[in-house]
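Presented below is the structure to which this report refers.
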Number of protein chains: 2
Amino acid sequence: MSVTFKDVAKLAGVSTQTVSRVTNGADNVSPETRDRVNQAINALGYIPNKGAQMLSRGKSKTLGIVSLDIALHGVALIVNGVRQQAYEKGYGAALSIVENNEFGRIKAAIRELASQQVDYIVVNVPLTQEMAEQLVEQFTSLNFMFIDVPEHSKVNYVCAEHTEGAKMAVQHLIACQRENFLLVTGPNASTGSSLRRAGWRDELTQNGKNIVASYEGDWDAQSGYLAIRDALAKKQSFDAVLVANDQMALGVLCALNELGISVPDKVSVVGFDNISDSAFFTPPLTTVEQDFLALGQQAVKRLLDSTEQSPHSYCQLILPTRLIVRSSTSVKTKQGENAQEILNHLDKARALLQSSLERN
Amino acid sequence: MSVTFKDVAKLAGVSTQTVSRVTNGADNVSPETRDRVNQAINALGYIPNKGAQMLSRGKSKTLGIVSLDIALHGVALIVNGVRQQAYEKGYGAALSIVENNEFGRIKAAIRELASQQVDYIVVNVPLTQEMAEQLVEQFTSLNFMFIDVPEHSKVNYVCAEHTEGAKMAVQHLIACQRENFLLVTGPNASTGSSLRRAGWRDELTQNGKNIVASYEGDWDAQSGYLAIRDALAKKQSFDAVLVANDQMALGVLCALNELGISVPDKVSVVGFDNISDSAFFTPPLTTVEQDFLALGQQAVKRLLDSTEQSPHSYCQLILPTRLIVRSSTSVKTKQGENAQEILNHLDKARALLQSSLERN
DNA sequence: CACATTAATGTTATCGAAAACATTTCACAC
DNA sequence: GTGTGAAATGTTTTCGATAACATTAATGTG
């Protein structure tokens with residue numbers, strides 16, 4: 001079968017323990033022996049057996065991630081952040097994906113990771129406060145870090161400033177003199193989505209603005225598209241759309257463009273996330289940036305730090321969000337304000353067409 | 001520390017071997033004993049130790065994936081397909097991500113997975129034929145499956161019909177009476193990108209069409225955007241753009257829209273991949289679909305099947321691509337053909353504006 | 001009733017690496 | 001030259017689960 005210490009030891013003419021010393025970089029091995037062992041390792045193509053290492057060491061130097069579907073761009077970035085930081089700290093990363101956020105599935109995923117003897121677990125799945133606390137209680141041998149769990153939970157968490165970010169979006173649209181708002185939220189089960197919606201709602205009612213309708217999307221472009229089509233089919237009148245992520249905002253823009261409703265003038269749109277694509281939407285999207293990568297990185301950093309702390313202090317870190325203003329929002333053009341200018345353009349265009357028509 | 005068989009056995013009043021029999025679902029255990037053991041397992045919250053299992057069983061029932069960055073949407077879908085199929089066949093999945101496609105990194109990743117005693121490895125990183133063959137040769141104890149490796153390599157592979165798909169895109173644009181083509185490729189290191197470019201080139205030269213310029217992008221929207229800006233800055237004239245993926249096509253569309261160059265009329269654009277967003281671009285993108293999920297799934301399916309085959313037969317599966325026609329392509333409007341129609345529209349618009357202007 | 005058969009369970013050895021402990025060798029001090 | 005300590009290496013035991021083998025008890029058969 002596979003090459004083990006025994007084979008290496010035999011070839012190098014030493015004991016297995018000496019081989020172990022070499023692979024672990026112990027300093028009490030003579031240079032000549034070390035060389036001989038390393039040569040044997042290379043010659044045989046020795047690869048350590050993680051299972052055996054885990055067993056004898058007791059710990060695995062591995063961090064587990066329980067995550068939503070990585071096909072969601074934000075999720076993939078968070079996972080990247082986690083992996084990267086884990087790797088930097090000398091940890092491996094084991095990823096377990098849960099399709100839906102059924103609690104049983106999540107527990108099973110954690111059990112799966114626990115069976116791999118992971119030392120830490122980062123959970124990036126929407127959970128209620130109770131669920132998070134229950135997990136910590138149930139899996140006492142594991143150290144948890146949660147991402148985007150409700151604030152004030154008695155667990156370690158790292159969170160984006162969803163509510164504040166949402167409020168900034170509203171404030172910006174109010175500054176754009178918008179009055180009637182359409183909301184497109186994420187799935188209600190998502191903590192992030194709930195927080196954003198709450199932020200929107202708070203700020204809108206506080207400023208006496210009108211919420212025309214609220215649609216629950218599923219994060220992808222189609223749900224944004226369908227929301228707008230439905231709203232327009234119902235002849236609802238709005239001059240601003242708040243969208244819970246950029247991908248749905250793409251669908252929103254598509255529907256508006258398709259129907260010839262001018263963005264940003266007639267309807268302004270603000271997204272959330274600032275994914276790299278959103279700068280290239282038509283028009284480029286005003287959005288609220290959150291730093292997914294940093295979220296993942298900080299989750300790991302704080303988790304590893306927290307174990308050195310006293311047991312009853314939690315890491316509760318909230319990362320800032322910030323408004324990125326692009327062309328999908330603007331102050332409403334007063335009717336007729338630019339009309340003369342547009343008229344001039346039209347005349348010019350007309351003349352051009354006319355002449356080309358005559359030439360044919 | 002953690003709960004082991006010993007603890008369970010003691011509580012249930014049986015031997016550890018009996019506990020093992022229960023957890024492995026052996027049939028020669030009396031129902032009462034089984035119940036007693038299961039109760040003990042639940043009471044203690046026993047979780048098996050994968051390392052120990054691996055060690056004693058010899059095999060891990062795990063499949064390794066070496067993959068590019070999962071932040072690329074297509075990659076994430078492939079990984080999903082692999083995981084899903086592996087899971088279905090009773091295998092776990094260990095993911096190792098390599099940042100760049102440096103060969104040393106890839107080898108290290110495989111070694112890492114091998115140390116976890118994976119039984120199979122799916123490689124989704126651009127490799128040359130030689131590299132792929134070398135890996136198979138070096139890691140004799142592993143069973144490999146490659147995704148998108150050059151055809152006719154002497155290894156197992158699953159591949160999308162890049163070249164054919166690319167040709168379909170060209171044929172479609174030729175049917176749209178396009179003459180001057182701009183190319184935006186993916187990174188040259190990518191096998192998929194090379195195959196697509198080759199397909200474009202072949203079909204274009206065969207039909208005597210003009211390649212105005214070729215830009216090498218890095219898969220993201222910005223590189224598509226920059227390509228167009230550069231081409232226009234150099235006053236290049238083209239009426240069709242072939243783009244190696246949809247995300248870059250988004251950037252292409254953005255640049256064209258921004259400059260008021262009408263898509264599809266003045267310039268038609270075809271992407272590649274058919275990611276879910278592309279139906280919601282402005283305008284919705286004509287593109288070549290490839291089924292990433294199926295690619296991942298088939299990779300695993302064939303890999304598991306192949307080990308039952310004779311050693312010197314390779315699985316070499318090529319999955320079809322298909323053209324999805326949307327609004328980013330069209331037959332070129334003959335100058336003046338629709339002019340009268342447009343003129344009528346203009347007149348209507350003018351009247352509307354005029355009246356609103358007078359009202360103010 | 002003695003003996004074969006099977007069901008249910010227990011005992012021991014094993015996987016590969018590493019920790020704990022043991023031994024050997026050599027250098028140096030007194 | 002004997003004792004002390006450190007460096008280099010070897011031996012034994014351990015981790016947790018399981019395969020291989022061993023035992024016991026119960027059942028059935030001629």
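Every chain is numbered from 1 and lettered A, B, ... according to where its sequence line falls, protein lines coming before strand lines.
Between A:K50 atom NZ and C:dA18 atom P the separation is 11 Å, expressed in whole Å. To the nearest angstrom, C1' of C:dG16 lies 16 Å from CD of B:Q116. Look at CD on A:Q117: it is 12 Å from C1' on D:dA17, rounded to the nearest Å. Nucleotide C:dA17 holds its P atom 10 Å from the CZ atom of A:R57, rounded to whole Å. In this structure, B:K59 places its NZ atom 12 Å from P of C:dG16, rounding to the nearest Å. The distance between atom CE of A:M54 and atom C1' of C:dA18, rounded to the nearest whole Å, is 14 Å.
If you look at A:F5 and A:Y46, their ring centroids are closer than 6.0 Å.
No hydrogens or angles considered: a donor-acceptor pair under 3.5 Å links the side chains of B:D69 and A:N80. Defined by atom type and a distance below 3.5 Å, a donor-acceptor pair is missing between the side-chain atoms of B:T191 and B:S194.
Aromatic ring orientation, A:Y91 versus A:Y120: perpendicular (interplanar angle above 60°, classes split at 30° and 60°).
The phosphate of C:dT9 has OP1 or OP2 within less than 4.0 Å of a side-chain N or O from B:S30. An OP1 or OP2 oxygen of D:dT9 is reached within less than 4.0 angstrom by a side-chain nitrogen or oxygen of A:T33. Listed pair B:S20 / D:dT18 meets the phosphate criterion, a side-chain N or O lying under 4.0 Å from OP1 or OP2.
Distances were taken from every side-chain heavy atom of A:Q53 (C-beta onward) to each of C:dA8, D:dC21, C:dA17; the shortest belongs to C:dA17. For A:S15, the listed nucleotide lying nearest its side chain is D:dT11; candidates were D:dA20, D:dT18, D:dT11.
You'll find a donor-acceptor pair under 3.5 Å spanning the side chain of B:R21 and the base of C:dG10, going by distance alone.
Here B:V19 lies out of heavy-atom contact (under 4.0 Å) with every strand. Residue-level contact check: B:N28 touches the bases, meaning some heavy atom is under 4.0 Å from a base atom. A:T18 comes within 4.0 angstrom of the backbone, heavy atoms only, and of no base.
Between A:Y46 and B:V29, the residue anchored nearer the 5' end of DNA chain C, judged by the nucleotide with its closest heavy atom, is B:V29. Sequence order on DNA chain C of the closest nucleotides to A:L55 and B:Q17 puts B:Q17 first from the 5' end. Projected onto DNA chain D by closest heavy-atom contact, B:K6 and A:R36 fall at different nucleotides, the more 5' of which corresponds to A:R36.
By the 4.5 Å heavy-atom criterion applied to side chains, B:L127 and B:F146 are counted as neighbours.
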